[in-house]
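The chains referred to below are lettered A, B, ... by the order of the sequence lines, with proteins before strands, and numbering in each begins at 1.
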2 protein chains.
Amino acid sequence: MLKIDDYAVIMKNALSKNHSVVLGCSCEINYSGRAESFLPDGDRIIVIKEDKTLLVHQPTGSNPVNYMKAGTSHVLSIDGDKCVLKSKNGKEFMEIVMRRIHFFNYLKMNDGKSIVLTGTEKDMAEMLMKNPDMIEPGFKPFSMEEHTKYGFIDVFGTDKFNIITVVECKRYCADLSAVTQLRRYVEKIKDSKGIENVRGVIAAPRITPNALKMLQDWGFSFVEAKPPKYLEKFDKSQQNLHSFTE
Amino acid sequence: MLKIDDYAVIMKNALSKNHSVVLGCSCEINYSGRAESFLPDGDRIIVIKEDKTLLVHQPTGSNPVNYMKAGTSHVLSIDGDKCVLKSKNGKEFMEIVMRRIHFFNYLKMNDGKSIVLTGTEKDMAEMLMKNPDMIEPGFKPFSMEEHTKYGFIDVFGTDKFNIITVVECKRYCADLSAVTQLRRYVEKIKDSKGIENVRGVIAAPRITPNALKMLQDWGFSFVEAKPPKYLEKFDKSQQNLHSFTE
DNA sequence: TCGGATAGGCGCCCA
DNA sequence: TGGGCGCTTATCCGA
């Protein structure tokens with residue numbers, strides 16, 4: 001069983017060599033920066049990454065209870081029978097006082113790979129550009145170049161009556177803010193083009209009742225559309241992959 | 001040096017006993033659910049929490065590259081010289097194929113404490129309720145967080161001329177969406193009360209130029225205000241805490 | 001660097 | 001359970 005001083009020595013060494021560090025400990029934490037926080041003593045898992053990102057995790061939940069962003073400087077010291085980590089990044093400060101260290105590991109991670117992700121809102125907009133009938137028959141999208149020219153509008157074109165139409169995509173459920181966002185775009189186009197008659201469309205798998213009401217109040221319309229998934233290979237092998245019983 | 005089969009045995013045991021699990025490994029990952037993703041082989045840190053949250057971290061960045069939310073079921077198996085973790089949560093699936101395990105730890109975490117956080121938007125709204133002159137002389141607040149009746153308005157009251165005024169707080173920099181949000185609240189109030197004259201105010205430390213323009217176009221106004229920080233004790237000891245040289 | 005917008009966002013509160 | 005919304009949001013992308 002290593003003593004806390006021994007952990008401190010190997011931890012200092014690992015940090016200086018830019019290894020990733022993972023440990024389980026009992027600690028209390030002060031943070032001051034964009035906000036301020038105090039977390040009383042309890043068991044946590046702490047990760048310090050090679051870019052000096054610091055994460056503190058409690059035994060539940062997806063998000064770290066405390067964290068520091070990449071580029072933070074970390075200094076470890078011993079204060080009596082406690083191990084203290086002081087972290088600083090600009091105007092942000094954190095102090096972790098470790099009462100006990102349950103385990104400690106470090107690792108030089110070899111990982112240059114980045115994730116390939118599909119089914120995002122961007123994929124959805126591209127799908128609608130390629131299949132404009134999904135919005136409505138006769139819809140003609142402008143080119144992508146023109147799309148970027150007008151800012152952050154997802155899809156942009158003309159309907160069968162040649163009316164300029166702004167389409168806002170949402171990959172999940174469209175809400176009130178999606179409608180106000182669309183409204184802002186439509187007004188932007190009206191303003192910059194000097195045209196009165198501009199249509200607004202929300203394309204999403206579904207929409208909340210309040211959002212639909214506001215949409216209709218503004219004379220906009222809703223089109224049901226789902227984001228595409230390209231990695232069909234994996235889809236097909238799902239039954240196989242998850243053939244275990246729950 | 002433990003073999004991958006040995007790791008699998010202790011890992012299965014730890015998972016069944018609802019311990020938190022932390023490991024470093026080389027792995028590749030498939031995910032399918034709200035989107036789909038593939039992550040080629042590389043070194044990662046994996047955490048499985050007691051609520052069955054799964055986090056996969058690369059050596060840089062704050063966010064996990066892959067994850068599964070609380071309540072996921074995890075099944076570990078050996079496939080040749082690989083260790084495979086299959087995870088399932090509703091319509092979401094993940095498969096982690098581990099080529100090599102660098103380290104492994106588990107821990108029954110004892111942590112009932114929750115974080116105390118100040119300097120949030122809610123604190124800011126409370127500050128403005130208690131010090132209405134910060135908005136403007138003569139401002140009288142009605143109530144805070146009008147959740148039920150008129151939406152989720154932060155602060156709500158009357159100005160010195162008894163005009164109904166809606167205040168939207170932002171803890172950081174107010175942007176276009178803050179203005180459209182305020183606009184939506186003001187219109188809601190006008191509509192439900194049948195009153196034409198309703199003022200809109202954004203209270204934030206700062207505001208983007210475009211947002212300010214839109215705000216003014218709509219006859220709304222901007223008030224500079226910062227979220228309060230209460231844990232002054234820690235503030236004062238900052239020099240002391242961070243007296244190390246960088 | 002700033003601004004704008006998305007996220008497999010998450011987490012919290014409330015009807 | 002779903003809607004609405006803040007977040008120490010983080011992260012990406014374009015000007």
Side-chain angles (χ1 to χ4, degrees), chain A residues 31-37 53-56 60-70 72 89-94 114-115 117-125 148-149 151-154 168-178 181 184-185 188 206-212 227 229, chain B residues 31-37 53 55-56 60-70 89-94 114-115 117-125 145-149 151-154 168-178 180-181 184-185 206-211 227 229:
Chain A
Y31 159 76
S32 175
R34 283 170 287 181
E36 299 194 340
S37 72
T53 299
L54 167 70
L55 305 172
V56 181
T60 61
S62 298
N63 287 344
V65 63
N66 276 122
Y67 63 93
M68 296 287 281
K69 289 167 74 169
T72 297
N89 189 343
K91 291 178 181 174
E92 304 209 273
F93 303 92
M94 187 173 299
S114 49
I115 194 166
L117 182 69
T118 67
T120 63
E121 195 188 270
K122 195 167 184 293
D123 294 321
M124 192 172 160
T148 53
K149 197 172 119 192
F152 304 92
I153 294 165
D154 292 333
E168 173 60 30
C169 302
K170 289 294 156 194
R171 65 183 308 284
Y172 196 51
C173 184
D175 58 10
L176 288 172
S177 73
Q181 190 180 0
R184 180 149 46 84
Y185 293 155
K188 202 193 252 179
R206 58 197 197 96
I207 187 167
T208 66
N210 286 350
L212 183 60
K229 294 182 181 178
Chain B
Y31 160 77
S32 175
R34 282 171 286 182
E36 300 195 340
S37 72
T53 298
L55 306 172
V56 181
T60 61
S62 299
N63 287 342
V65 63
N66 276 122
Y67 62 91
M68 296 288 279
K69 289 167 74 169
N89 189 344
K91 291 178 180 174
E92 304 208 274
F93 302 93
M94 185 173 301
S114 50
I115 194 166
L117 182 68
T118 68
T120 63
E121 193 189 271
K122 196 165 184 291
D123 294 321
M124 193 172 158
E145 292 244 1
E146 287 283 320
H147 266 276
T148 48
K149 293 166 196 165
F152 305 94
I153 294 164
D154 293 334
E168 173 62 31
C169 301
K170 289 294 157 193
R171 68 182 305 285
Y172 196 51
C173 184
D175 59 9
L176 287 172
S177 72
T180 55
Q181 189 180 0
R184 177 152 47 88
Y185 294 155
R206 58 197 196 95
I207 186 167
T208 65
N210 286 350
K229 295 180 181 179

Taking B/Ala70's backbone N and O only, do any of them form a donor-acceptor pair with B/Asn89's side chain (distance below 3.5 Å, no angle check)? yes

Pick the P atom in D/dG4 and in C/dG8, then give their distance to the nearest Å. 22 Å

I'd like to check B/Glu92 versus B/Met94 (side-chain heavy atoms, cut-off strictly below 4.5 Å). Are they in contact? no

Holding to salt bridge (charged side-chain N to carboxylate O under 4.0 Å, His left out), I want the full list of residues that pass it with A/Lys122, two or more places apart in sequence or in another chain. A/Glu126

Can you find a donor-acceptor pair, distance only, under 3.5 Å between B/Asn66 side chain and C/dG8 base? yes

Within this structure, what is the CG-to-C1' distance between B/Leu55 and C/dG9, rounded to whole angstrom? 13 Å

Expressed in angstrom and rounded to an integer, what is the separation of A/Ile115 atom CD1 from C/dG9 atom P? 13 Å

Starting at atom OH of B/Tyr31, determine the distance to atom P of C/dG8, rounded to an integer number of angstrom. 8 Å

B/S/- contact track for nucleotides 2-7 of chain C, protein heavy atom under 4.0 Å: -SSSSS

Using the test side-chain hydrogen bond (donor to acceptor under 3.5 Å, both in side chains), find all partners of B/Ser177 that sit at least two apart in sequence or belong to another chain. B/Asp175

Got a donor-acceptor contact below 3.5 angstrom from the B/Arg171 side chain to the A/Arg34 backbone? yes

Would you tell me if any nitrogen or oxygen in the side chain of A/Lys69 comes within less than 4.0 Å of OP1 or OP2 on D/dT8? no

Using the P atom on both, measure C/dA5 against D/dT8 and round to a whole Å. 22 Å

Do the side chains of A/Tyr185 and A/Phe152 get nearer than 4.5 Å, heavy atoms only? yes

B/Tyr172 OH to D/dA10 P, in whole Å, measures 10 Å

